[in-house]
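Okay, so here's the structure we're looking at.
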Protein chains: 2
Amino acid sequence: MSIKMQLDPVSTLPRAPQYVHIRDSLAARIETGELIASAKLPSERELSESFNTTRVAAREALLALETEGLIYRLDRRGWFVSPPRVVYNPRSTKSFMQYVTAQGRIPTTELISAEQIGASEWAAKHLGINVGDPVYSIWRRRFIDGRPVMVEHIRMNAESFPDFLEIPLNNSITEAMSKFYSVELTRVKMNLYPSSLSASQARHLLVSPGTSGLYICRSNHDQHGKITDVDQEYWLHDVLEISLEAHKEQSE
Amino acid sequence: MSIKMQLDPVSTLPRAPQYVHIRDSLAARIETGELIASAKLPSERELSESFNTTRVAAREALLALETEGLIYRLDRRGWFVSPPRVVYNPRSTKSFMQYVTAQGRIPTTELISAEQIGASEWAAKHLGINVGDPVYSIWRRRFIDGRPVMVEHIRMNAESFPDFLEIPLNNSITEAMSKFYSVELTRVKMNLYPSSLSASQARHLLVSPGTSGLYICRSNHDQHGKITDVDQEYWLHDVLEISLEAHKEQSE
DNA sequence: CAGTGGTCTAGACCACAAC
DNA sequence: TTGTGGTCTAGACCACTGG
């Protein structure tokens with residue numbers, strides 16, 4: 001037996017990158033519950049020191065976990081463990097407030113701005129009205145357990161809902177439509193895809209510009225088939241799980 | 001008026017990061033059509049030189065565009081302009097082959113592996129059978145215009161589809177069920193959320209491990225309400241746009 | 001003001017793809 | 001063999017958060 005240590009054959013295989021070790025270590029600490037939901041992770045500098053490497057490698061590990069949806073980042077504030085996803089079912093009549101509460105989480109809604117303007121080309125097309133027709137343009141921010149998770153931009157046909165802006169807009173708009181205008185939402189059309197958050201949206205959500213998100217565009221229809229409102233939602237990418245059940249149809 | 005030049009007030013505002021310029025420049029070249037779909041971008045080194053900066057900054061710009069879905073990356077092969085998203089409607093009876101073709105794109109399916117095994121706990125639960133019951137486990141890879149965009153893992157109740165593995169599995173499984181077993185898919189249950197691709201999935205899709213993706217889990221049901229198969233799909237994040245129309249129900 | 005992430009410099013070596 | 005992205009070193013300064 002030679003004194004010189006034999007190289008382990010395994011070491012001739014492609015070595016797992018350094019950042020993978022950091023990722024795995026953190027992932028394990030999350031899985032075992034050592035780091036619980038919303039807990040703050042060690043700083044990038046601490047991590048790089050304790051793993052005897054540089055901030056770049058630590059950062060890569062954190063970014064990988066972020067992409068997976070295991071952790072999230074508050075801009076210049078640090079890294080935190082992601083809470084479980086909230087399940088959203090477009091077919092359910094439950095409002096945001098209702099389905100979040102039903103899952104044991106605490107929803108909040110905050111009005112950012114609300115005004116009446118003339119319909120843009122985009123809004124007119126989606127609301128089935130003419131450019132320049134009066135629409136309400138409403139921006140809101142929604143929270144789950146105190147974390148801002150979504151900003152939304154709602155456009156409503158103003159002529160269908162006179163004086164709507166007098167109503168408190170940090171409550172359910174669906175309920176307001178029902179209670180004050182006898183308008184019931186019976187059908188929803190949605191388009192959605194992963195994208196990234198603009199600088200403005202990111203600011204509202206306390207994250208860095210360019211953070212990945214989930215874009216959802218919803219058109220709501222009332223019992224007469226009329227479009228009531230169009231809602232663009234910009235979610236953080238780790239917050240939602242979409243769940244839906246569909247009956248097959250020949251329709252496109 | 002002092003001789004000393006006044007600072008332009010604008011310059012006291014936070015300066016846009018360097019990588020934003022590179023991002024914007026590339027985004028503009030994509031928008032104007034100078035760089036068309038699937039075109040290869042300049043290499044990271046070329047970009048960093050032409051913008052008189054380092055690879056890190058160039059890379060950040062490219063990663064930002066990747067998150068937006070404007071460009072994609074083939075592992076160690078370079079960066080390319082993303083083609084438009086394909087619209088997928090879960091309610092439509094169209095198969096992958098059909099809806100991709102209908103949008104002027106060319107779909108391909110490749111069988112990776114197919115075997116009969118005993119149901120895992122996960123498979124048993126989702127198929128409504130017992131652990132160890134015979135199931136087909138099928139892995140496939142799907143392409144659009146030659147680009148690998150999704151890997152899927154299908155589990156079927158083997159007892160419902162005797163000798164299914166004898167059928168060519170690079171064609172539509174839905175059609176095979178209909179043609180040979182008189183089983184029609186009438187209902188689908190889906191769960192989906194953004195996530196990241198595992199090393200194995202990434203290899204199949206020619207991308208780097210940890211690339212962000214879109215996870216879709218589908219349970220298909222036949223005309224009798226029986227579960228026919230469960231399908232886990234791992235899409236690249238920039239490929240799909242989900243489009244759906246739902247009638248509201250009191251059901252959860 | 002101290003601490004955090006955000007951005008950047010100026011390099012380096014590696015694994016792999018394509019020729 | 002050459003060129004690409006993938007990973008990494010060892011620093012630096014900046015913008016902003018929070019006490």
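The sequence lines fix the lettering, A, B, ..., with proteins before strands; numbering per chain opens at 1. In this text the structure is predicted, and so the values were computed from the model without any measurement.
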message: For a 4.5 angstrom cut-off between non-hydrogen side-chain atoms, does B/Phe80 reach B/Ser38?
response: no
Show each protein N/O and nucleotides 5-7 of chain C N/O combination with a separation under 3.5 Å, one pair to a line.
residue, atom, partner, partner atom, Å
C/dG5, OP2, A/Glu44, N, 2.8
C/dG5, N7, A/Arg45, NH1, 2.8
C/dG5, O6, A/Arg45, NH2, 3.0
C/dG5, N2, A/Arg76, NH1, 3.1
C/dG6, OP1, A/Arg73, NH1, 3.1
C/dG6, OP1, A/Asp75, OD1, 3.4
C/dG6, OP1, A/Ser208, OG, 2.5
C/dG6, OP2, A/Arg59, NH1, 2.7
C/dG6, OP2, A/Arg59, NH2, 2.7
C/dG6, OP2, A/Arg73, NH1, 3.2
C/dG6, N7, A/Arg55, NH2, 2.9
C/dG6, O6, A/Arg55, NH1, 2.9
C/dT7, OP1, B/Tyr19, OH, 3.3

task: Kindly indicate whether the side chain of A/Val135, heavy atoms from C-beta on, has any atom under 4.5 Å from the side chain of A/Gln116.
output: no
- line: Residues at least two apart in sequence or cross-chain that pass side-chain hydrogen bond (donor to acceptor under 3.5 Å, both in side chains) with A/Glu68, listed by chain then number, are A/Arg23
message: Looking only at side-chain N and O atoms, does A/Asp238 offer a donor or acceptor that is under 3.5 Å from a partner on A/Ser82?
response: yes
query: Has B/Thr53 got a side-chain N or O lying under 4.0 Å from the OP1 or OP2 atom of C/dT9?
result: yes
field: Nearest-angstrom distance from the residue atom CD of B/Glu49 to C1' of D/dT4
entry: 14 Å
message: What is the separation between atom CG on A/Leu63 and atom C1' on D/dC8, rounded to the nearest whole Å?
response: 15 Å
statement: Tightest non-hydrogen contact, residues B/Ser208 and B/Asp75, listed as OG-OD1, 2.8 Å
query: A/Leu206 CG to C/dT4 P: how many Å, rounded?
result: 19 Å
task: Please say whether the positively charged group of A/Arg105, taken as NZ for Lys or CZ for Arg, lies over the ring of A/Phe143, i.e. under 6.0 angstrom from the six-membered ring centre and within 45 degrees of the axis.
output: no
